[in-house]
Structures are given as C-alpha cells and as structure tokens.
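Remarks on the structure that follows.
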Amino acid sequence: MLSSPRPSVIQLAIKEKSALYAAYIPLFSEGGIFIPTQRNYKLGDDVYVLLSLPDQAERYPVAGKVAWITPAKATHHRTQGIGVRFPEGAKSQALRQKIEEILGAHLASDRQTQTI
C-alpha cells in the first residue's frame, strides 16, 4: 500500500499590505492565501505554510489544501502559483480575522489581485 506523500512545507513572508491584498483569498469560507511557486501541485494536495504577515513578529502555521492553481504563462500576466485554502477551525478564523484587520479598507478595493 502506498503512503501519501508528506505535505510540502512553504515559508511565505509577506512584508507589505499591498502584497497581502494581492495574495489573500477571501472567497474561501475559511480564507486562503496565494503562494507564488513554480513547483507543480494538484488540486487537493496538502501543504503546510508558515505565514508571516506585515508588521507581525508571529509566524502562523497553516495546514491547508491546494484549492487554486495559476499555471505558468497564465493570462493577464498573473504569477504562477497556488491558492491554499485554510482549514476549518478556530486558528483559521483567527488568522482570517488578523489578515482582514491588517487590510482594513483595502478589502473593498477593486484593484486586481493574484487570484480573481
């Protein structure tokens, strides 16, 4: 019997609000984050993300799943990468709340993001 591969570990440090706005995926019910990567993933792959947010010393561990893939050479000059959906639970809710707190009024912006 084959064992499933261990989730890949990705460290993502977002240093600016504009980068967080471009990467955040509020459409996922628990929230999510876009991660630029050239590595190949499939929808549903498990990934473990160590996420650093702007002006925050804390790193947030997220055991998420790939729920979005932007392929190489995507239209509209979008960056190749994956969208990771945060898992259900209190930690994800707290992380989503923290991200939305940091973004504040930026959430209502119509600026283009890395996702939708």
Side-chain angles (χ1 to χ4, degrees):
M1 187 167 145
L2 294 173
S3 64
S4 61
R6 287 181 43 184
S8 59
V9 177
I10 302 170
Q11 293 190 45
L12 180 64
I14 299 177
K15 300 193 183 319
E16 299 166 356
K17 271 189 198 181
S18 60
L20 181 60
Y21 171 80
Y24 179 54
I25 307 173
L27 296 175
F28 296 153
S29 60
E30 300 294 326
I33 200 82
F34 177 81
I35 300 170
T37 180
Q38 293 181 353
R39 188 168 166 195
N40 288 323
Y41 287 91
K42 293 190 289 294
L43 290 175
D45 281 354
D46 290 318
V47 289
Y48 188 78
V49 182
L50 289 171
L51 179 62
S52 299
L53 300 174
D55 303 320
Q56 302 286 311
E58 185 178 350
R59 288 197 324 181
Y60 299 88
V62 178
K65 289 198 177 288
V66 175
W68 176 286
I69 297 173
T70 302
K73 300 184 178 104
T75 59
H76 304 294
H77 306 288
R78 294 197 189 278
T79 304
Q80 179 179 354
I82 57 173
V84 175
R85 181 173 37 93
F86 298 161
E88 289 186 22
K91 284 184 178 179
S92 291
Q93 287 293 341
L95 177 56
R96 180 183 181 134
Q97 194 172 358
K98 174 59 76 181
I99 289 171
E100 291 182 356
E101 230 172 70
I102 292 168
L103 290 176
H106 290 285
L107 280 174
S109 173
D110 57 2
R111 282 197 341 248
Q112 187 170 334
T113 68
Q114 290 293 342
T115 56
I116 305 284

Shortest non-hydrogen separation from Ile14 to Ala23 and the atoms involved: CD1-CB, 4.2 Å
State, with a plain yes or no, whether a side-chain heavy atom of Arg85 is found less than 4.5 Å away from one of Ile25. no
Interatomic spacing from CD1 in Ile35 to CD in Gln80 - rounded to 0.5 Å: 13.5 Å
Nearest 0.5 Å, what's the NZ-CD distance between Lys91 and Glu30? 14.0 Å
Salt bridge (charged side-chain N to carboxylate O under 4.0 Å, His left out) contacts touching residues 49-71 (sequence neighbours left out): Asp46-Lys65
Given side chains that start at C-beta, do those of Leu50 and Ile10 come closer than 4.5 Å, heavy atoms only? no
Shared ILVMFWY cluster between Tyr48 and Val84, side chains joined below 4.5 angstrom? no
Judged by atom type as modelled, is there a donor-acceptor pair below 3.5 Å linking the side chain of Ser8 to the main-chain atoms of Val47? no
How many angstroms lie between atom CH2 of Trp68 and atom CD1 of Ile33, to the nearest 0.5 angstrom? 13.5 Å
Do Leu51 and Leu95 have side chains that get closer than 4.5 Å, going by heavy atoms? yes
Give, for atom CZ of Phe34 and atom OG1 of Thr79, the distance between the pair rounded to the nearest 0.5 Å. 5.5 Å
Under the side chain to side chain donor-acceptor pair (under 3.5 Å) test, residues paired with Glu100 that sit two or more places apart: Tyr24, Arg96
Roughly how far apart are Arg39 CZ and Asp45 CG, rounded to 0.5 Å? 8.5 Å
First locate atom NZ of Lys17, then atom CG of Leu53, and finally report the distance between them rounded to the nearest 0.5 Å. 12.0 Å
Taking all non-hydrogen atoms of both residues, which atom of Lys15 and which atom of Pro54 are closest, and how far apart? O-CB, 3.6 Å
Do Gln93 and Glu88 have side-chain heavy atoms sitting under 4.5 Å apart? no
Nearest heavy-atom approach of Leu43 to Ile69 is N-CD1, 3.7 Å
Which pair of heavy atoms, one from Lys42 and one from Val66, lies closest together, and at what distance? O-CB, 3.5 Å
Are Pro87 and Val62 close enough that some pair of their side-chain heavy atoms sits under 4.5 Å apart? yes
